[in-house]
**Student:** 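Following this message is one structure expressed as structure tokens.
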Amino acid sequence: MSRHWRIEQDEDGIIWLHFNQADSSANVLTVEALDELDQQLGKIEQASPAGVVFCSDKPSGFIAGADVKAFSRITETEEARQQILQAHAIFDRIERLKCPTVAMIHGFCLGGGTELALACRYRVSRDDPGTRIGLPEVRLGIFPGFGGTVRSTRLIGHLPALNIMLSGRALSGSAARRLGLVDMSVPERQLKAAARHLLSTQPKTHQPTWLQQLPGNGLLRPLVGHFLKKQVAKQANPAHYPAPYALIRHWTKHANHRKAMYRSEAAEVAKLISSDTAQNLIRIFLLQDQLKAQGRKSDFKATHVHVIGGGIMGGDIAAWCALQGMRVTLQDRAPELLSQAMGRAHGLFKKKLKKPLLIRDALDRLMPDCEATGVTRADVVIEAIFENTEAKQQLYAQLEPRLKKGALLCTNTSSIPLEVLNSTLKNPARLVGLHFFNPVAKMQLVEIVSATNTDPNAAQQAAAFAKQIGRLPLPVKSSPGFLVNRILMPYLLEAIILLDSGTSAPAIDKAATDFGMPMGPIELADTVGLDICLAVADKLAESLPVNVPEKLRSMVSEGKLGRKSGQGFYLYSKGKAQKTAVTEQANLLPGLADRMIIRMLNEAVACLREGIVSDADLLDAGIVFGTGFAPFRGGPIHYAKSEGKEKMQPRIQTLESDRDAGWADIFEH
Ligand code: NAI
């Protein structure tokens, strides 16, 4: 008996091998599922069917990939290599079946799922926006290890396959069809017929063109490899993200030599998977699931959202909700104040949806509504007006009696305590903070802010709503700066203090990007807007020992607000910061990074101690997704712990002797 697989043979002698993983909403290639697959293949070999269709009974998709949770338990390279070799043997068995085979793909088909599909003779996929086919392993610090590097390059040609594997991006059914990754991409109703058609007609399998095969030539490979490395270096630092470089090396050395390539794939992926980088990236991947789980505690579902305040945040929140399929009404003080928001929404829809009909539908879902007619019908009302307590409270007084029963009332405030905002409501428990980050379409995290008197059920509903619109909800306690700004701000301010004391902006930024931050703090401050940084810093300084540098204040009063005004700490030309080369001694940089990063770690520990978030994992997840904190380091708390007291203490002491701030918090926790 198999727990996860079911064989069904039809009147034409075709075996439909259904994958339906027990106790799971998605199919994942666990060791147990692979073992059982091996047994099923034995039965199929005996049955000599007319053909085999590999299909999934899960509505969510075909196969979401290998078992990432199990990856996080692997510590021994040899153990990993053995597991990979076992998967190789099973997929090889699929490839060697005497009858024709088809992978029938719908929804998610990622990583190991795509590799299984590649072992079949044909592939057919559902043609809809929900179908995503890809090999995203580099995002976990590894590369495809179940034969994917061998079979993808052979099927669709070297550069297209390497492009998919190096970028980790997933393709729609029709994009996969254009590349030859799938043979047919059809609507749902024709999926089975297409699979049968391939089995009965057995057309010639897809072949890459001569030109697509050319880069695999032994003489050209070193050149192509060099070019690929240069391309990848624009995106990923090899010291931080070794996987794409290992993939290029593996391909350069072994492409077109099947056996050697399988052997090298197992050895290289096994080495990568047990490295700190991959383990930390896997940790972040799993933490992302923990954030999503925060949105599963309530089955609240919204269809209509009403947003008040069509400025930078409200306008973009409304557009994002419409993009996600909601009906949205957007209110401001006057219709002309919404023109910019509507223009930006159009731009977003064009970029994300591409097809004119889909763009038109999204625009139809987003309705300007300065009469506030949407308030009585909305499931969620989001206030995003000026950051002013009285204005917000006055607005709530008008809103509260008009809200639909059970509707959620949310505020996007970034700094006003929730218990102050809700104090004038008849039912203070219903107001929840829904703190989005700028730019809304890019920043995945949303802080779900609760005051001590907030209804926990309302907070869970808000988290479910955030998840519904594809964002990651992080429950936090209402306190100055919540979690993300509270931890980010001391880091930005420390950078400005360094700048003021004579270190150059490019050197400061380089120290941070060398540590692994996606952007240096000086450029980040310019990007956020120095006026906004100053407002948040001043607000934090009211209740926390935050030292707001005079330099920041003077920049703002001179109208140098950062990227948006063309000048901040950098000068901007066509939106790009004009940086000079870093001339400071390279050995200065690690100390510089410590000064800024340890500030963050310090504040992170303080937040944990004060219970701003419920545990260290959620804190790490929040800071990685809310600030971009070097993902390959696993989050601030994880980084501090993995560096260890012995390594950190002397660095903290150096900083303490430098300045009198309270650095020593980290290991007291
Ligand atoms: P903004 O100044 O760009 O937009 C505010 C909008 O609200 C304006 O269009 C204004 O006309 C409208 N408004 C003011 N009073 C109104 C009323 N009574 N009825 C209807 N509309 C009204 O402000 P922004 O930056 O979008 O901020 C909005 C909220 O989001 C604030 O609470 C802010 O703290 C918060 N926030 C801002 C972030 C940012 O980066 N700008 C990030 C996260 C939160």
Side-chain angles (χ1 to χ4, degrees), residues 306-321 328-345 368-375 378 381-400 402 409-418 420-422 424 431-449 462 466 471 474 476 478 480-486 488-489 492 524-540 556 561-565 622 625-627:
H306 184 79
V307 181
I308 308 167
I312 299 177
M313 294 306 289
D316 287 3
I317 294 168
W320 183 257
C321 292
V328 183
T329 38
L330 176 58
Q331 176 188 344
D332 208 301
R333 293 168 301 162
E336 59 275 15
L337 294 172
L338 290 178
S339 61
Q340 278 194 10
M342 296 305 282
R344 282 202 312 279
D369 177 24
C370 292
E371 309 298 309
T373 53
V375 173
V381 173
I382 304 173
E383 169 275 305
I385 67 166
F386 303 137
E387 191 71 337
N388 177 294
T389 306
E390 287 73 39
K392 287 186 195 271
Q393 286 179 336
Q394 267 174 26
L395 180 68
Y396 301 155
Q398 294 160 21
L399 284 175
E400 196 178 17
R402 299 187 60 216
L409 177 61
C410 306
T411 171
N412 187 44
T413 182
S414 50
S415 62
I416 308 173
L418 226 61
V420 173
L421 286 181
N422 72 18
T424 52
L431 184 72
V432 184
L434 200 59
H435 186 222
F436 287 84
F437 294 89
N438 189 10
V440 174
K442 254 204 178 146
M443 301 298 292
Q444 281 178 283
L445 195 79
V446 175
E447 288 177 322
I448 309 295
V449 189
R471 305 283 84 172
L474 175 71
V476 297
S478 169
F482 310 134
L483 181 79
V484 171
N485 283 343
R486 161 124 179 233
L488 186 65
M489 209 32 82
L492 292 186
L524 181 62
D526 270 358
T527 305
V528 170
L530 299 186
D531 50 340
I532 292 185
C533 284
L534 180 63
V536 176
D538 275 341
K539 198 79 202 170
L540 281 179
V556 174
L561 305 182
R563 197 183 291 270
K564 61 186 169 190
S565 70
F625 290 104
T627 72

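Ligands are counted one by one from 1 in listed order, and the atoms in each one are counted from 1 as well. All values reported here derive from a predicted model rather than from experimental measurement.
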**Student:** Give me the residue, atom name and distance of the protein heavy atom closest to atom 3 (O) of ligand 1.
**Tutor:**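 Residue, atom and distance for the closest contact: I312 N, 3.1 Å.
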**Student:** Under a 3.5 Å distance rule, please check whether R344 uses its side chain to pair with a backbone N or O of A319 as donor and acceptor.
**Tutor:**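 Checked: no pair found.
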**Student:** Among protein heavy atoms, which lies nearest atom 43 (C) of ligand 1, and at what distance?
**Tutor:** F436 O, 3.2 Å
**Student:** Write out the residue and atom name of the closest protein heavy atom to atom 35 (C) of ligand 1, then the distance separating them to 0.1 Å.
**Tutor:**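 Here the nearest protein heavy atom works out to N412 O, 3.3 Å.
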**Student:** Using a 4.0 Å heavy-atom cut-off, which part of I308 comes near ligand 1: side chain, backbone, both, or neither?
**Tutor:**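 Contact part for I308 vs ligand 1: side chain (C-beta onward).
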**Student:** Do me a favour and list the nearest non-hydrogen protein atom to atom 32 (O) of ligand 1 with residue, atom name and distance?
**Tutor:**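 In this structure, atom 32 (O) of ligand 1 has E387 OE1, 2.5 Å as its nearest protein heavy atom.
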**Student:** Between the main-chain N or O of I385 and the side-chain N or O of K392, is there a donor-acceptor pair closer than 3.5 Å?
**Tutor:**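 Yes; judged by distance alone, with no hydrogens or angles, the pair exists.
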**Student:** Closest approach of K564 and D531, non-hydrogen atoms and distance?
**Tutor:** NZ-OD1, 2.9 Å
**Student:** Are any of the side-chain heavy atoms of N438 and M443 separated by less than 4.5 Å?
**Tutor:** no
**Student:** Under the 3.5 angstrom rule, does the side chain of Q393 hit a backbone N or O of V420 as a donor-acceptor pair?
**Tutor:** yes
**Student:** Once you restrict to heavy atoms under 4.0 Å, what part of F437 touches ligand 1? Side chain, backbone, both or neither.
**Tutor:** neither
**Student:** Classify the contact between H435 and ligand 1 as side chain, backbone, both or neither, using a heavy-atom distance cut-off of under 4.0 Å.
**Tutor:**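 Under 4.0 Å from ligand 1, H435 contributes side-chain atoms alone.
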**Student:** Regarding ligand 1, does E383 bring an N or O atom to under 3.5 Å of one of the ligand's N or O atoms?
**Tutor:** no
**Student:** Just going by heavy-atom distances, which of N438, I385, I532 is nearest to atom 18 (N) of ligand 1?
**Tutor:** I385
**Student:** Does at least one non-hydrogen atom of Q394 fall below 4.0 angstrom from an atom of ligand 1?
**Tutor:**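 No; Q394 lies far enough from ligand 1 that no heavy-atom distance drops under 4.0 Å.
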**Student:** Does S415 offer a backbone N or O that forms a donor-acceptor pair with the side chain of E387 under 3.5 Å?
**Tutor:**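 Present.
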**Student:** Below 3.5 angstrom, do we get any N/O pair linking L395 and ligand 1?
**Tutor:** no
**Student:** Tell me the protein heavy atom at minimum distance from atom 1 (P) of ligand 1, and give that distance in Å.
**Tutor:** G311 CA, 4.0 Å
**Student:** In ligand 1, which numbered atoms sit nearer than 4.0 Å to a non-hydrogen atom of T413?
**Tutor:**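 Matching atoms, with element in brackets: 32 (O).
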**Student:** Counting only heavy atoms not in E371, do more than 12 sit closer than 6.0 Å to its CD atom?
**Tutor:**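 Atom CD in E371 is not packed in, count stays at 12 or less.
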**Student:** Taking 4.0 angstrom as the limit and counting only heavy atoms of K392, give me the atoms of ligand 1 inside it, by number and element.
**Tutor:** 31 (C), 32 (O)
**Student:** May I ask you to decide if L418's main-chain N or O and S478's side chain share a donor-acceptor pair within less than 3.5 Å?
**Tutor:** yes
**Student:** In this structure, does ligand 1 have an atom that sits under 4.0 Å from one of the heavy atoms of A384?
**Tutor:** yes
**Student:** Could you identify the single nearest non-hydrogen protein atom to atom 26 (O) of ligand 1 and state the distance to 0.1 Å?
**Tutor:** M313 N, 2.8 Å
**Student:** Does some side-chain heavy atom of L488 sit less than 4.5 Å from a side-chain heavy atom of L524?
**Tutor:** yes
**Student:** Relative to the heavy atoms of L337, which atoms of ligand 1 are at a distance of less than 4.0 Å?
**Tutor:**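 In order of number, 11 (O).
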**Student:** Please answer whether the main-chain N or O of V440 pairs with a side-chain N or O of D316 as donor and acceptor at a distance below 3.5 Å.
**Tutor:** no
**Student:** Return the option from N388, D332, V484 holding the heavy atom at the smallest distance from atom 9 (O) of ligand 1.
**Tutor:**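 Result: the heavy atom closest to atom 9 (O) of ligand 1 is in D332.
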**Student:** Whether the side chain of D332 engages the backbone of G310 through a donor-acceptor N/O pair (distance < 3.5 Å, no angle test) should be reported.
**Tutor:** yes
**Student:** Strictly distance-based, threshold 3.5 Å: is any side-chain N or O of E447 a donor or acceptor partner for the main-chain N or O of F482?
**Tutor:**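 No, because the side chain of E447 does not come within donor-acceptor range (under 3.5 Å) of the backbone of F482.
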**Student:** Does the protein come close to atom 23 (O) of ligand 1 - that is, does one of its heavy atoms sit below 4.0 Å from that atom?
**Tutor:** no
